[in-house]
Every structure is written in structure tokens, then in C-alpha cells.
Amino acid sequence: ILPSRPLFALGPQGRRPLQQPPAAASHRVLRDVIAVPGNYCLYDRTGHRIDETVSWTAGRRRGPTPASIDPTTVVETVREPVVFGGLLPKSHFGHVLLEAFSRLWVFDAGVVERGTPIVHFTHYGRDLEPFEQVLLGAALAGTRAPLRPVMRPIRIDEIVVPSQAIILEQPMAPAVIPVYDRIRDQLVGDIVPDDRPLYLSRSRLGADQRRTLGERALEQDLEQRGVRVVHVQDHPLVEQIRMVASARTVIGLYGSALHL
């Protein structure tokens with residue numbers, strides 16, 4: 001699946017256009033690569049971008065990914081094998097749910113050993129929000145894999161680069177499903193099925209958050225038909241996951257809650 005428009009790399013003359021790949025579950029082992037904070041991809045030892053390490057969302061590259069860097073800025077070498085975790089996105093709930101775990105399938109697939117450190121970038125070097133820490137802790141439960149954000153220019157002897165199993169506006173690769181199953185199991189445990197359809201409402205959100213005209217009337221009609229109407233933002237994260245996981249039918253218009 002190709003993006004709607006090609007994205008051209010800024011590099012040597014004649015370099016082929018940089019295009020978004022399909023969501024997939026494949027990997028490469030790279031050696032002698034460079035990671036620099038603020039540039040959300042990896043580089044070879046000569047300072048040229050390794051295109052398959054760019055993070056993508058809906059046909060767009062995530063963050064700065066210049067075609068080349070000065071390779072002499074390295075201040076530290078990582079000798080042990082590591083995994084590339086890509087870019088942890090901005091702290092938008094929906095983006096975190098879909099993009100933060102996109103490369104973690106490698107542990108469930110047996111590509112790397114448990115305990116292998118995950119080298120990653122964070123969006124503009126920010127600290128992780130509490131809800132992200134909870135979700136990542138659950139996603140990594142049992143893997144014993146520590147997170148190592150890129151804080152200074154480093155050279156890495158060996159790194160496994162998994163592809164993104166989830167890219168917005170594309171079908172996801174099934175290999176990532178065990179990661180989400182683990183998050184649910186770790187945070188919620190056993191699920192009691194609820195036969196009532198569940199409607200995820202947006203009617204109490206702010207006027208600047210894509211509210212839908214007539215949604216309150218729709219909710220009243222749904223409630224009369226036995227549908228459970230919930231405003232997910234009024235519930236703790238774990239309860240949000242429990243409600244969606246237990247429902248046999250989930251209804252919604254759009255928005256981050258539908259990614260639960």
C-alpha cells in the first residue's frame with residue numbers, strides 16, 4: 001500500500017523518493033549505527049539516514065529525519081545488543097494507543113531475547129505521562145526489557161530493527177495483537193462479558209474536540225433501546241479498558257476511545 005503522495009528525501013542527487021512502507025512484521029539486524037537525540041531515525045557509520053528506521057503515520061514521517069548527520073558527534077558506544085523501539089509519539093491518547101507499541105511484537109515473535117534493552121526516541125525529548133507509563137509497563141510485562149531513550153549521540157554495535165506493525169490508515173499486522181492482549185490481561189485480568197451494546201459518547205467533550213450535532217438526542221434513543229452510554233473520559237484508564245473489553249458490541253462515531 002503506497003501513501004497518497006510521495007515524500008522526497010533530502011539527500012544525494014538521484015536518491016529515490018522516501019515512501020511509507022506497509023504495516024508489517026519483519027525485521028533487520030543492523031550493525032555500527034548512530035542515534036542522535038532530536039532526529040527520529042538511525043544513521044549508518046558515515047552519517048547517512050537508514051530509511052527503514054523512519055517512523056510513519058498516515059503517510060507522513062514522524063518528526064525530524066534529516067538525510068545525513070555529522071557522524072563525529074558520537075559520545076558513547078552501546079556494546080550490548082538492543083532493539084529499536086522507534087519513536088514514542090506525542091502524548092495524545094489515541095496516538096499512544098496505536099503507535100507506542102508498534103514495534104514491540106518482536107518479543108512475542110521470539111526474534112529477540114527477553115531482557116533486551118529497547119532504544120527509542122520520545123517526541124521532542126518529553127517525559128512520559130503517567131498513563132503512558134502504565135500502558136508501557138503492562139505491554140512490557142514479562143519481557144524484562146528496559147526502555148533506554150536516546151539522550152546523547154550514541155553509536156550502537158548491534159540493533160534489531162522491527163518494522164511498524166501499526167501505521168495509521170493501514171491494516172495492522174496481526175503479530176502485534178499479543179502485545180494488546182497482554183496490556184488487557186495485566187491491567188484488567190479476567191473479563192466478565194456484558195451483552196449490552198456499549199456506546200462511547202463524545203457529547204461532554206469541549207466544543208473544540210469535534211463534537212457531533214445531535215449526539216445527545218442519539219444517546220437518549222440508544223438508551224431507550226438498551227444501549228449503555230458511557231463518557232470514557234470520566235473513568236480511570238483501567239476501567240475504560242475493562243468496559244470495552246467486556247462489551248460484545250461497541251458503538252462510536254470516531255475518536256481515540258474507539259482505539260481501546
Side-chain angles (χ1 to χ4, degrees), residues 1-5 20 22-23 55-63 87-102 104 123 128-136 138-139 164-174 176-188 191-260:
I1 301 175
L2 297 179
S4 58
R5 60 187 184 281
Q20 175 180 286
S55 292
W56 294 86
T57 181
R60 303 187 306 274
R61 281 181 281 173
R62 272 291 189 195
L87 172 66
L88 296 186
K90 60 184 179 181
S91 58
H92 179 283
F93 187 58
H95 283 280
V96 170
L97 287 177
L98 289 181
E99 298 176 336
F101 318 108
S102 183
L104 299 184
H123 194 253
L128 297 180
E129 297 290 339
F131 83 91
E132 295 175 278
Q133 297 177 30
V134 170
L135 290 171
L136 281 166
Q164 288 178 258
I166 296 178
I167 298 176
L168 293 187
E169 300 182 1
Q170 289 195 20
M172 73 175 184
V176 77
I177 292 176
V179 178
Y180 289 94
D181 288 343
R182 185 164 52 253
I183 293 173
R184 180 199 61 218
D185 293 344
Q186 289 291 319
L187 297 182
V188 177
I191 298 296
V192 178
D194 190 335
D195 290 331
R196 293 174 297 170
L198 181 70
Y199 178 73
L200 306 179
S201 172
R202 297 176 59 86
S203 64
R204 293 182 185 172
L205 298 179
D208 61 340
Q209 293 184 284
R210 297 186 297 170
R211 291 192 312 195
T212 300
L213 293 174
E215 187 173 15
R216 292 187 184 276
L218 172 62
E219 292 170 5
Q220 293 176 1
D221 184 66
L222 290 173
E223 287 178 327
Q224 292 174 2
R225 297 170 184 265
V227 176
R228 183 185 179 193
V229 175
V230 298
H231 302 267
V232 291
Q233 74 276 5
D234 295 339
H235 300 271
L237 175 61
V238 172
E239 181 60 22
Q240 295 178 31
I241 297 173
R242 178 180 289 109
M243 288 189 297
V244 172
S246 63
R248 297 187 186 276
T249 303
V250 178
I251 307 168
L253 299 175
Y254 49 78
S256 298
L258 287 173
H259 301 318
L260 287 165

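When reading the values below, keep in mind they use all heavy atoms of this one structure, side chains included, and skip hydrogens, waters and symmetry mates. For clarity, every value in this text was computed on a predicted model and none was experimentally measured.
Under 4.0 Å is where a charged nitrogen must lie from a carboxylate oxygen, and between Asp185 and Arg182 no such pair does.
The shortest distance between side-chain heavy atoms of Arg228 and Asp194 falls below 4.5 Å. Counting heavy atoms from C-beta outward, Thr249 and Leu198 have side chains that stay 4.5 Å or more apart. Residues His259 and Phe93 are not in side-chain contact: their nearest non-hydrogen atoms beyond the backbone lie 4.5 Å or more apart. Considering only heavy atoms from C-beta on, Val192 stays 4.5 Å or farther from Ser246 through its side chain. Side chains of His92 and His123 form no contact here, defined as non-hydrogen atoms less than 4.5 Å apart. For the pair Leu135 and Leu237, the minimum side-chain heavy-atom distance is below 4.5 Å. Put simply, the side chain of Trp56 does not reach to within 4.5 Å of the side chain of Leu168, judged on heavy atoms. Looking at Val244 and Gln240, their side chains never come closer than 4.5 Å, going by heavy atoms from C-beta outward.
Counting all heavy atoms, side chain and backbone alike, Phe101 lies closest to Ala139 at CD2-CB, 3.8 Å. Nearest heavy-atom pair, Ala58 versus Ile167, reported as atom, atom and distance to 0.1 Å: N-CG2, 4.1 Å. In plain terms, the two heavy atoms of Ser201 and Gln233 that are nearest each other are O-OE1, 4.4 Å.
No side-chain donor-acceptor contact under 3.5 Å links Arg248 to the backbone of Pro193. Between the Glu169 side chain and the Gly59 main chain, no donor and acceptor come within less than 3.5 Å of each other. At distances below 3.5 Å, not a single donor-acceptor pair connects side-chain atoms of Glu99 with backbone N or O atoms of Pro89. Here the side chain of Glu239 pairs no donor or acceptor atom with the backbone of Pro236 at under 3.5 angstrom. Under a 3.5 Å cut-off, the side chain of Ser102 and the backbone N or O of Ala165 do form a donor-acceptor pair.
From Asp181, atom CG reaches atom CD of Gln186 across 11.5 Å, with rounding to the nearest 0.5 Å. Distance CZ/Arg62 to OG1/Thr57: 4.5 Å, rounded to 0.5 Å. One distance of note links CZ of Arg61 with CD of Gln20; it measures 11.5 Å at 0.5 Å rounding. Remark: Ser256 OG to Leu200 CG distance equals 11.0 Å, nearest 0.5 Å. The distance from the CG atom of Leu104 to the OH atom of Tyr180 is 8.5 Å, given to the nearest 0.5 Å. With values rounded to the nearest 0.5 angstrom, Met172 atom CE is found 9.5 Å from Leu98 atom CG.
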Side chain to side chain contact (heavy atoms under 4.5 Å, CB included) between Val96 and Glu129: does it pass, once the steps are laid out? CA-CA 10 Å; Val96 170; Glu129 297 290 339; over 6 Å; no
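The one candidate from Glu215, His231, Glu219 that meets the side-chain hydrogen bond (donor to acceptor under 3.5 Å, both in side chains) condition with Tyr199 is Glu215.
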